[in-house]
Amino acid sequence: MPEGPSLVILREQAAGFAGQTIVRAEGNTSADKKRLEGQRIVAVRTWGKHFLVELPHFALRIHFLLFGSYRVNERKDHSPPRLSLQCDSGDELNFYTCSVKFIDEPLDAVYDWQADVMSDAWNPALALKRLRAAPDTLACDALLDQDVFAGVGNIIKNEVLYRIRVHPLSTVGALPAAQLRALVAQARQYSFDFLAWKKDFVLKQHWLAHRQSVCRRCDLPLTKATLGKTRRQSYFCSHCQRLYSDAPRAAAPGG
DNA sequence: GAAAATGTTATCAT
DNA sequence: TATGATAACATTTT
């Protein structure tokens, strides 16, 4: 469930919890649940893959990592919740297999909302600037960098690179300006496509690269490989996706 | 039933 | 000390 668009769906489902007061907090988290009881929820927010429950003097941060899940006004049958928030109205939010943390600083001091691809505050010019500051970064790693593209995960990474026909091992600095702009634009555009498709339960059928075996453009088999510093699976067409890379420079003679 | 997977962080090694 | 690779964690689907 963890990419940014999925968190937006959770935020929308949980919007009605704003204004409610937490009367009971249970679960197997080691976090101090008592601290949550009696707190009035100021807002439910997201930043990238983070789900934030803003309280008057601190915030609760839920991160679902790879396997996390949640239920709104329901419970899973078998697994115990990591954290269950029960409100005065009887509504409850249940989180499973997730990371639970408290944030004691103001959220605006912790989060750069302009880096969140799902946010109204998303700033593509800032993403471009950050990419240009690290020209040796591989495209497959750049898209997963949460400081640049908060909310982008492995699915979005693979689909964006396929869309813009860029090989995952291309370096950011070697991309023509138009391709770099397209990478930034599609990181956001695909994320919103993802959101719409996920809401309609048709996300997977729109995958063109991720976990696919054949390129729908040229009919050649797609390549699957663990690439980059992030060591995540890339799915790509080595025929349709162009590799942009600076030629390795020979060492300067004489030292 | 093994393997892989929408991810991050702690730990070890250099 | 800082950087980078590896391990650890944990659940559902293929």
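In what follows, every chain begins at residue 1, and chains take the letters A, B, ... in the order their sequences are listed. Excluded from the calculations below are hydrogen atoms, water molecules and symmetry mates; all remaining heavy atoms, backbone and side chain alike, are included.
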> If only atom types and distance count, is the side chain of A:Gln86 paired as donor or acceptor with the main-chain N or O of A:Ile22 below 3.5 Å?
Replying inline: no

>> Using the C1' atom as the point on both nucleotides, what is the distance between B:dT6 and C:dA5, in whole Å?
In response: 23 Å

>> Test of understanding: with side-chain contact (heavy atoms from CB on, under 4.5 Å), list the residues that count as partners of A:Phe58, not counting sequence neighbours.
In response: A:Arg35, A:Leu36, A:Gln39, A:Leu55, A:Phe102, A:Asp104

> Can you list every pair that meets salt bridge (charged side-chain N to carboxylate O under 4.0 Å, His left out) and has a residue in residues 212-234 of chain A, with sequence neighbours left out?
Replying inline: none

> Among all residues two or more places apart in sequence or in another chain, which pass the side-chain contact (heavy atoms from CB on, under 4.5 Å) test with A:Pro106?
Replying inline: A:Ala109

> A:Leu143 has an atom CG; how far is it from atom P of B:dG7, in whole Å?
Replying inline: 12 Å

> Taking only N and O in the side chain of A:Tyr235, is any of them less than 4.0 Å away from OP1 or OP2 of B:dA5?
Replying inline: yes

> Hey, is the side chain of A:Gln233 poking within less than 4.0 Å of OP1 or OP2 on B:dA5, counting only N and O atoms?
Replying inline: yes

> Taking CG from A:Leu144 and P from B:dT8, how many angstroms apart are they, rounded to a whole number?
Replying inline: 8 Å

> Whole Å only: how far is the CH2 atom of A:Trp47 from the P atom of B:dT8?
Replying inline: 9 Å

>> I want to check one thing: is the phosphate of B:dT6, taken as OP1 and OP2, less than 4.0 Å away from some side-chain N or O of A:Lys49?
In response: no

>> Between P on B:dG7 and CD1 on A:Ile62, what's the gap in Å once rounded to a whole number?
In response: 18 Å

> Among all residues two or more places apart in sequence or in another chain, which pass the side-chain contact (heavy atoms from CB on, under 4.5 Å) test with A:Thr171?
Replying inline: A:Leu138, A:Ala174, A:Asp246

>> Please report the distance, rounded to the nearest Å, between CZ in A:Arg231 and C1' in B:dA4.
In response: 16 Å

> Where along residues 149-162 of chain A does a heavy atom fall under 4.0 Å from DNA chain B?
Replying inline: A:Gly153, A:Asn154, A:Ile155

> Within the pair A:His63 and B:dG7, is there a side-chain N or O less than 4.0 Å away from OP1 or OP2?
Replying inline: no

> Under 4.0 Å between a side-chain N or O of A:Arg232 and OP1 or OP2 of B:dG7?
Replying inline: yes

Heteroatom pairs (N/O) under 3.5 angstrom, protein to nucleotides 8-14 of chain C:
{"from": "C:dT12", "atom 1": "OP1", "to": "A:Lys76", "atom 2": "NZ", "distance (Å)": "2.8"}

> So do A:Cys87 and A:Glu92 actually touch side chain to side chain, heavy atoms under 4.5 Å?
Replying inline: no

>> Let's test your reading of the pairing rules: Watson-Crick or G-U wobble, both distances under 3.5 Å, then write DNA chain C as a dot-bracket string with ( ), [ ], | and dots.
In response: .||||||||.||||

>> Going by the rule salt bridge (charged side-chain N to carboxylate O under 4.0 Å, His left out), which residues pair with A:Arg181 if we only count those two or more places apart in sequence or in a different chain?
In response: none

> Hey, are A:Glu159 and A:Lys157 close enough for a salt bridge, meaning a charged N less than 4.0 Å from a carboxylate O?
Replying inline: no

> Can you check the A:Lys101 NZ to B:dT8 C1' distance for me, whole Å?
Replying inline: 10 Å

> Partners of A:Asp145 by salt bridge (charged side-chain N to carboxylate O under 4.0 Å, His left out), sequence neighbours excluded?
Replying inline: none

>> Which residues pass the side-chain contact (heavy atoms from CB on, under 4.5 Å) test with A:Gln212, not counting sequence neighbours?
In response: A:Trp207, A:Leu222

> A:Ile9 has an atom CD1; how far is it from atom P of B:dT6, in whole Å?
Replying inline: 17 Å

> What integer distance in Å separates A:Trp207:CH2 from B:dA4:C1'?
Replying inline: 12 Å

>> Going by the rule salt bridge (charged side-chain N to carboxylate O under 4.0 Å, His left out), which residues pair with A:Arg165 if we only count those two or more places apart in sequence or in a different chain?
In response: none

>> Filter on salt bridge (charged side-chain N to carboxylate O under 4.0 Å, His left out), then keep only pairs touching residues 127-142 of chain A, sequence neighbours left out; what's left?
In response: A:Asp112-A:Arg130

